Each structure stands twice: as structure tokens, then as C-alpha cells.
*Asks:* 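A single structure is presented below for examination.
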There are 2 protein chains.
Amino acid sequence: MTRVLVIDDEPQIVRALVINLKARHYEVDAAHDGATALQLAAARHPDVVVLDLGLPDMDGVEVIRGLRGWTRVPILVLSARHSSDEKVEALDAGADDYVTKPFGMDELLARLRAAVRRAEPVPGGEDEVVVDTAEFTVDLAAKKVNRDGRDVRLTPTEWHLLEVLVRNTGRLVSQKQLLQEVWGPSYGTETNYLRVYMAQLRRKLEVDPAHPRHFITEPGMGYRFEK
Amino acid sequence: MTRVLVIDDEPQIVRALVINLKARHYEVDAAHDGATALQLAAARHPDVVVLDLGLPDMDGVEVIRGLRGWTRVPILVLSARHSSDEKVEALDAGADDYVTKPFGMDELLARLRAAVRRAEPVPGGEDEVVVDTAEFTVDLAAKKVNRDGRDVRLTPTEWHLLEVLVRNTGRLVSQKQLLQEVWGPSYGTETNYLRVYMAQLRRKLEVDPAHPRHFITEPGMGYRFEK
DNA sequence: CTCCGGCGTCAGAGTTCCGTCAAGGACGAC
DNA sequence: GTCGTCCTTGACGGAACTCTGACGCCGGAG
């Protein structure tokens, strides 16, 4: 769940934001002044910050600097001031976006979504998509299988089949489901394909292909991958 | 130097932007319609895009989608429309910011700076600028390849292809992804291009081009660069 | 016991995919 | 214009992959 930190000293604005955000399943923290805000940010590590520049205890830009000292969390600034200088100052201090009050809630939420989306790690980035077994390792992102320090070469079909099984580690995958995912939706009965390609996977990955430990056959039903 | 792509069909706006940006030492490309814009984006790989939604040939949101299909470059939208729906649509399509016309140049530039800053890689991040192999060295920042103490001459396309592969060292890069990143989003099936240019890269960089050790073919799937 | 269905194995045929070469065209430099 | 560089395109032989049928094994049912 995405966590939002709202910083504003006007209770009605905070209330409106909190209600709208919670309705959209965001987790919301709120602070009424800069000091509390910085503390909360450090404690809760929000995914995005909504900051009103007009705070009672400190300049909003100072809050931005305080945050930017240690985090790159997206900061969305709210302000009643339309002056161009204010915007430039806030943006150059490290804000990500600047919305002038009064603002439309739809727009604010859209900008919030944009800010959060941007901060997301690249899909297929460094996320750990590696599955380990005693004998081999499957890296789903790099499309690599390593066994005894060597890369194992898989054909597209073999890889596709392995992928479906590994993504369902421990679960039984029916023959029909495998056929449809690997060969396409119009397949479903060609179980001989499965037999051939399961055999090849086992030959390449199992220690003893005749007595598989990872690619288990469930007779009449399907196959199961076990670590 | 930061490269900006300006997309707008109003010459006076383009002129104003180009003058201001160049004065601040940005490198600027300009397009006056969506098709040219997508082409230019693919060819020039801008660091940030400024996009007017009102284009003669296609909907601005389509341009956003066209870009987002293959790149995460920051997109700053300009529009005369103040309607909230328009903003939400553009932002949800993948835009990073939305500025309504008439806009202050200072503010626009500040938002541009914010967008570029955000996109910067984390300082001290795991960005490898130089990649070494036993036989040659690729310097991604300097755009240079060195082999046996000599710089290897690569054509723009060869370099581009090499860059994509090296940035994904060890990972399989699909043919479609390579084509889209190097030749542009409208490509995806012209695998003969890949065959030709992979051969050229191998001829220039592999010890034995017929038995490549670094530029590995995964038949039916794509290519992989290995140190 | 025999029969039978489901599974594993193997090898060959057919098809797709890849590396290579060469020719043609676009473009800019001189 | 002429040259040189680079990109595109087509063609072809060979390699890799998928499909297909045949066969044997095994366990359960009759």
C-alpha cells in the first residue's frame, strides 16, 4: 500500500485530503507543522509527501530542504501563492510538483499518482526474481538458468514452460493450463508436447532425470515445480 | 548537456522555448507534429520532453502513450485547456507534469529542472559507466570502446545497440526490445537488422566472430551480453 | 493373467531462425 | 559531381528448434 504524508496547517484541507486518499486505499499520515512533518517522515518513510508551503513554524522550503537532505521521496507542494518566484524556489529546492490552491481533487490525485509512478523502480530492474534450488538457479528477469556455475541453455519453449512452473512453485499446474500458457489458448489436449518438453527440462536440470526431484508429475492432472 | 525535445505546432511558442533553452545551455530538438516527435524521440533520446497537447496530426495523449511504450523519459505537458479531466488523462497516460498556457517561462524552466533532476540516477548508485571484458572495454559515458589499447570505431547504430546490450549485461534482451530501443517504437519484427548489426559488432569486438564469447545469441528469444 | 491408459524416451521430418554476403540508396564532405 | 560512410534490403546455406509418430514401461482394472 502506498503511504502518503500530508503536511498542512489548515484542518479542513487535511480532512478533505485524508478522506479522499483513504477512500482510494492510500495509507495517510498527517502533520500540522514542519517539525512534526520531518519527524514523521523519518519515522514512517512515506512513498510521497504532500506539503503546504504555509506552515506556522517554519518556511515550507526549509521542509523541502530538510527532506531532500536524506531522501528522494516525491514532494508535491500545495500553495495559495501564485507567484512565479515561489514556485521556482520550491521546485529548485527539490519539490517535484507545485499545485496552487484552490485545486481540483481529481487533478491533485492524478499528480500524486504520477509522482508515485515515477518513483517506482523500473520493472525488470534489480528486483529479486531469482529462484534457488539445491542444484540450479533460475533468474526470471535475466532469463537465465545456472547449474554448477554454468549457464544452461534453454529453447524458447523450454524456458516458457519452466517460467510458468516456477512462477507457481509448489502449486500443481494443470496440463491444460500449461498448454494454454505456453502454446496458446487454442491448445489444451496436446499432452504429448508436455511430455516431450518436460523430459527435456529434466534432462537439462535434474540430477537424475529418471527420478525427478523438482519437476514432479501428478498423473492425470499436471505438473508441479518444487524447490 | 541536457537534451530537450520540444513538441508544439505554434511556431512562436517553439521559438520562445528554443531561445530560452539554448540560452541556458540545453540542447534542443523541435517537432511540430506527433509523428515527427516520436521519430525524433527515438533517434535523439532526449533527457526530457516538452509536449503541447494540441497537435495537428494526432492526440497529444497518443504521443504520451507512444513514448511510454519504450521509454521513461520525463514528459512535461503544455496545454491551453484548464479542464481537470484533460490533466488527469494526460497524467495518467504517463505525463510527469502539466502546465497550462499561458505559462511563465521561469516556472516552466523550474519544472523542467525538477523533471530532469528527478530522472538523474542516484549519485553513487550502481551505475557502471565502464564495463570491462577480457578483450575490450566499453565506456558508456565517453561513448568509447577500447580494444588492445586502440579505440574501436563504431557507427551510431552499432554503438546504440552495444549500449542497450551492455546496460543489460548478463540479462537476455529480447529482439523486440532491442529493435524498439535502437530503431524506434514502431519497429519490432525487422530481425534482419539485428542480424546484420550483431554481425558487425562481433566482427569489431569478438576475437573469433564465428564463435562469439560476449554477444550471445539465444535463438528465438534475443541476445545477451556477457563479460 | 492380460489389457489399457498415461507417461517417458527417442529419433527423424519439417519449419523457423540465424549468420553472412553483397548490392543499392541516402546523405554529407570535399 | 565524386567519394566515402552508413543504413537498408534481399538471398541463401546451415543451424537450431518444434512437431510428430513409434515404442516401451508401469500400474491399475478386469
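Computed from a predicted structure; not experimentally measured. Just so it is clear: chains get the letters A, B, ... in the order the sequence lines come, proteins before strands, and each one is counted from 1.
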*Asks:* So, is B:Thr191 near the phosphate of C:dC17, with a side-chain N or O under 4.0 Å from OP1 or OP2?
*Replies:*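 B:Thr191 to C:dC17 OP1/OP2: no side-chain N or O under 4.0 Å.
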*Asks:* What's the verdict on salt bridge (Lys or Arg N to Asp or Glu O under 4.0 Å) for B:Arg3 and B:Asp47, showing C-alpha distance, side-chain angles and the deciding distance?
*Replies:* CA-CA 5 Å; B:Arg3 197 197 308 271; B:Asp47 300 300; 5.4 Å; no
*Asks:* Can you sort out which residues in residues 164-184 of chain A have a heavy atom within less than 4.0 Å of DNA chain C? Ascending by number, please.
*Replies:*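 Here the set is A:Gln175.
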*Asks:* Are any of A:Thr217's side-chain N or O atoms less than 4.0 Å away from OP1 or OP2 of C:dG8?
*Replies:*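 So the side chain of A:Thr217 is within the cut-off, an N or O lying under 4.0 Å from OP1 or OP2 of C:dG8.
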*Asks:* Which atom pair, heavy atoms only, marks the closest approach of A:Leu91 to B:Ala114?
*Replies:*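 Heavy-atom minimum between the residues: CD2-CB, 4.2 Å.
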*Asks:* Given D:dT18, is OP1 or OP2 found less than 4.0 Å from the side-chain N or O atoms of A:Thr157?
*Replies:*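 The answer is yes; a side-chain N or O of A:Thr157 sits under 4.0 Å from OP1 or OP2.
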*Asks:* Rounded to whole Å, please give me the gap between CG in B:Leu194 and C1' in D:dT8.
*Replies:*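 It is 13 Å, rounded to the nearest whole Å.
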*Asks:* Whether B:Arg213 and B:Glu226 form a salt bridge (side-chain N of Lys/Arg under 4.0 Å from carboxylate O of Asp/Glu) is what I want to check.
*Replies:*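 Between B:Arg213 and B:Glu226 there is no salt bridge, as every charged N stays at least 4.0 Å from the carboxylate O atoms.
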*Asks:* For the residue pair A:Tyr223 and A:Glu218, establish whether any side-chain heavy-atom pair is separated by less than 4.5 Å.
*Replies:*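 Counting from C-beta outward, A:Tyr223 and A:Glu218 never come under 4.5 Å.
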*Asks:* Under 3.5 Å, which protein N or O atoms sit close to an N or O of nucleotides 24-30 of chain C? Give each pair with its distance.
*Replies:*
none

*Asks:* Any residue in residues 197-208 of chain A with a heavy atom nearer than 4.0 angstrom to DNA chain C? Just list them by number, or reply none.
*Replies:*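 Contacting residues: A:Ala199, A:Arg202.
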*Asks:* Is there a side-chain contact between A:Leu161 and A:Leu201 (heavy atoms, below 4.5 Å)?
*Replies:*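 With C-beta onward as the side chain, the pair touches.
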*Asks:* Taking B:Gly170's backbone N and O only, do any of them form a donor-acceptor pair with B:Arg224's side chain (distance below 3.5 Å, no angle check)?
*Replies:*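 Flag set: sc B:Arg224 to bb B:Gly170 pair under 3.5 Å.
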*Asks:* Look at B:Asp132 together with B:Lys227 and state whether they make a salt bridge at an N to O cut-off of under 4.0 Å.
*Replies:*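 The answer is no: the pair does not qualify as a salt bridge.
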*Asks:* B:His32: what forms a ring-ring contact (aromatic ring centres under 6.0 Å, His included) with it, not counting sequence neighbours?
*Replies:*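 In terms of ring-ring contact (aromatic ring centres under 6.0 Å, His included), with neighbours along the sequence ignored, B:His32 is linked to no residue.
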*Asks:* If you measure from the Lys or Arg side-chain nitrogens to the Asp or Glu carboxylate oxygens, is any gap between A:Arg113 and B:Asp92 under 4.0 Å?
*Replies:*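 A salt bridge is present here (some side-chain N lies under 4.0 Å from a carboxylate O).
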*Asks:* Show me the pairs that pass ring-ring contact (aromatic ring centres under 6.0 Å, His included) and involve residues 200-220 of chain A, at least two apart or across chains.
*Replies:*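 Listed once each, the pairs are A:Phe136-A:His214, A:Phe215-A:Phe225.
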*Asks:* Hey, can you pull the residues of residues 219-227 of chain A with a non-hydrogen atom under 4.0 angstrom from DNA chain C?
*Replies:*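 Nucleic-acid contacts, sorted: A:Pro219, A:Gly220, A:Tyr223.
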*Asks:* Can you sort out the partners of B:Asp8 under side chain to side chain donor-acceptor pair (under 3.5 Å), two or more places apart, ordered by chain and number?
*Replies:*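 Partners of B:Asp8 by the side chain to side chain donor-acceptor pair (under 3.5 Å) criterion come out as none, since no residue qualifies.
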*Asks:* Return the set of residues passing ring-ring contact (aromatic ring centres under 6.0 Å, His included) with B:Tyr98 (not counting sequence neighbours), or none when no residue passes.
*Replies:*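 With sequence neighbours excluded, B:Tyr98 shows a ring-ring contact (aromatic ring centres under 6.0 Å, His included) to no residue whatsoever.
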*Asks:* Which letters describe nucleotides 20-30 of chain D, given B = protein heavy atom under 4.0 Å from base, S = only from sugar-phosphate, - = neither?
*Replies:* B----------
*Asks:* If you assign B:Glu218 and B:Tyr187 each to the DNA chain D nucleotide with the nearest heavy atom, which residue ends up on the more 5' nucleotide?
*Replies:*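 The residue mapped nearer the 5' terminus is B:Tyr187.
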*Asks:* Is it true that B:Glu27 and B:Arg44 have a side-chain N and a carboxylate O under 4.0 angstrom from each other?
*Replies:*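 Yes, charged N to carboxylate O under 4.0 Å.
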*Asks:* With sequence neighbours left out, write down each residue that passes side chain to side chain donor-acceptor pair (under 3.5 Å) with A:Glu181, or none if nothing qualifies.
*Replies:*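 With sequence neighbours excluded, A:Glu181 shows a side chain to side chain donor-acceptor pair (under 3.5 Å) to no residue whatsoever.
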*Asks:* Indicate, with a heavy-atom threshold strictly under 4.0 Å, whether A:Arg153 touches base, sugar-phosphate, or nothing.
*Replies:*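 The residue A:Arg153 makes no contact with any strand.
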*Asks:* Separation of B:Glu158 atom CD from D:dC7 atom C1', in whole Å?
*Replies:*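 For the pair B:Glu158 CD and D:dC7 C1', the rounded distance is 10 Å.
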*Asks:* If the condition is side-chain contact (heavy atoms from CB on, under 4.5 Å), which residues does B:Ala93 pass it with, not counting sequence neighbours?
*Replies:*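 Scan of B:Ala93 (side-chain contact (heavy atoms from CB on, under 4.5 Å), adjacent residues dropped) gives B:Val61, B:Ile64, B:Arg65.
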*Asks:* Could you pull out all residues at least two apart from A:His45 that satisfy ring-ring contact (aromatic ring centres under 6.0 Å, His included)?
*Replies:*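 Partners of A:His45 under the ring-ring contact (aromatic ring centres under 6.0 Å, His included) test: A:Trp70.
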*Asks:* For the pair made of CZ in B:Phe215 and P in C:dC18, what is the distance, rounded to whole Å?
*Replies:*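 Between P of C:dC18 and CZ of B:Phe215: 17 Å.
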